[in-house]
Amino acid sequence: MSAALQMTAFGLALLSTLFLLLATCTDCWMVNADDSLEVSHKCRGLWRECVTNMQDGVRTCDQYDSILADHPVKIVVTRTLLITADLLAGLALATLLLGLDCIKFLKEEPHVKLKMCFGAGVILSIGSILGLVGSVWYAVDVYVERAMLVSHNIFLGVHYDFGWSCWLGMAGSTGCFVASILLTCCLH
């Protein structure tokens, strides 16, 4: 039972970490939510803004000036939290991989391997909380920005909604959190 639970947690942690990495690297955190008559599809991400022409499929992207330039707080905070979550999830995966019963590393020390799995669960939970806070922070800021414009009857030409990268960050963080629960609570 323990080996099956470890493998389930490892598979979930691996998939969720990939989701977090994809969310950090992709550029569709905000997507235009205007009517269907738009001729272009606009996405804003943590690193750049892209526009895709709907008629011919040509995509152009503008990189943000610099990582150190003055950016909105939501971008800086989300970048920081997601990069930290990615690093912690990667560290947790490496620790968990060495702590799995099916790996021959420290085979004669099962209690050490169990502690490694528990430690990986703790690291994964911290990373998942950081990733979830970053993703939700960004989503709430997008919602508040849109609500403020709507409540003041201001139309700037483009209204943004949550993009698939934002949802991917939330899904990856939630998956990492579930894997950490499996490793910390269910294994002991």
Side-chain angles (χ1 to χ4, degrees), residues 12-93 123-180:
L12 183 60
L14 181 64
L15 181 66
S16 300
T17 301
L18 290 175
F19 282 1
L20 272 175
L21 286 169
L22 280 173
T24 304
C25 298
T26 54
D27 53 14
C28 203
W29 280 77
M30 290 171 51
V31 63
N32 63 324
D34 292 340
D35 59 3
S36 60
L37 298 175
E38 285 289 320
V39 293
S40 63
H41 180 73
K42 299 171 188 86
C43 283
R44 284 187 183 171
L46 302 177
W47 311 102
R48 61 189 175 172
E49 184 173 341
C50 294
V51 177
T52 305
N53 188 325
M54 297 303 233
Q55 295 173 349
D56 57 9
V58 174
R59 181 176 183 185
T60 58
C61 295
D62 292 328
Q63 300 283 342
Y64 296 145
D65 292 337
S66 167
I67 292 175
L68 302 175
D70 290 334
H71 294 291
V73 173
K74 72 179 172 189
I75 289 179
V76 174
V77 169
T78 305
R79 279 181 183 174
T80 304
L81 290 172
L82 281 169
I83 289 171
T84 307
D86 292 342
L87 292 172
L88 288 173
L91 176 64
L93 274 177
I123 295 169
L124 202 57
S125 68
I126 294 168
S128 68
I129 290 170
L130 292 176
L132 197 59
V133 166
S135 300
V136 170
W137 168 284
Y138 197 94
V140 166
D141 198 60
V142 169
Y143 175 78
V144 167
E145 180 182 317
R146 183 179 172 124
M148 291 294 289
L149 292 174
V150 169
S151 69
H152 290 56
N153 291 328
I154 299 173
F155 182 71
L156 299 176
V158 177
H159 288 290
Y160 285 95
D161 206 358
F162 314 133
W164 60 269
S165 298
C166 188
W167 292 112
L168 201 60
M170 288 183 208
S173 299
T174 303
C176 283
F177 191 72
V178 170
S180 74

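In this text, all values refer to a predicted model and were calculated from it rather than measured experimentally.
A donor-acceptor pair is defined here as one N or O able to donate and one able to accept, closer than 3.5 Å; such a pair exists between the side chain of Asn32 and the backbone of Lys42. Remark: side-chain polar atoms of Arg59 are not paired, donor with acceptor, to backbone N or O of Cys50 under 3.5 angstrom. In this structure, the side chain of Trp29 engages the main chain of Ala23 through a donor-acceptor pair within 3.5 Å. A donor-acceptor contact shorter than 3.5 Å links the side chain of Trp47 to the backbone of Thr24.
For the residue pair Leu12 and Ala179, the shortest heavy atom distance occurs at CD2-N, 3.7 Å. Listed here is the closest heavy atom pair of Met30 and Val142: CG-CG2, 3.4 Å. Closest approach of Gly172 and Ser16 over heavy atoms only: O-CB, 3.2 Å. When every heavy atom of Ala13 is checked against every heavy atom of Leu124, the shortest pair comes out as CB-CD2, 3.7 Å. For Ser173 against Leu132, the heavy-atom pair with the smallest separation is OG-N, 3.1 Å.
One distance of note links CG of Leu91 with CG of Asp86; it measures 12.5 Å at 0.5 Å rounding. The line from CG of Asn53 to OG1 of Thr60 is 8.5 Å long, rounded to the nearest 0.5 Å. With rounding to the nearest 0.5 Å, the separation of CG in Leu18 from CG in Leu14 is 5.0 Å. Interatomic distance, Arg44 CZ to Asp27 CG, rounded to the nearest 0.5 Å: 12.5 Å. Here the straight-line distance linking atom SG of Cys25 with atom CG of Leu168 works out to 10.5 Å at 0.5 Å rounding. For the atom pair Leu82 CG and Leu87 CG, the distance stands at 11.0 Å (nearest 0.5 Å).
In this structure, Ser128 has no side-chain hydrogen bond (donor to acceptor under 3.5 Å, both in side chains) partners at least two apart in sequence or on a different chain.
Taking the side chain as every heavy atom from C-beta outward, Tyr138 and Leu81 never approach each other to under 4.5 Å. With contacts defined as side-chain heavy-atom distances shorter than 4.5 Å, the pair Tyr143/Phe162 qualifies. Between Thr17 and Cys176 the shortest side-chain heavy-atom distance falls below 4.5 Å. Counting heavy atoms from C-beta on, the side chains of Thr26 and Trp164 come closer than 4.5 Å.
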- Assess whether side chain to side chain contact (heavy atoms under 4.5 Å, CB included) is satisfied between Thr78 and Ser135, documenting all intermediate values. CA-CA 7 Å; Thr78 305; Ser135 300; 5.9 Å; no
- Task: I would like to know whether Trp137 and Val73 meet side chain to side chain contact (heavy atoms under 4.5 Å, CB included); could you show each step before the answer?
- Result: CA-CA 10 Å; Trp137 168 284; Val73 173; 3.8 Å; yes
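Cys pair Cys43/Cys28: SG-SG separation is below 2.5 Å.
The salt bridge (Lys or Arg N to Asp or Glu O under 4.0 Å) analysis of residues 131-143, with sequence neighbours excluded, yields the pairs Lys74-Asp141.
Between the side chains of Ser125 and Ser180, no donor N or O sits under 3.5 Å from an acceptor N or O.
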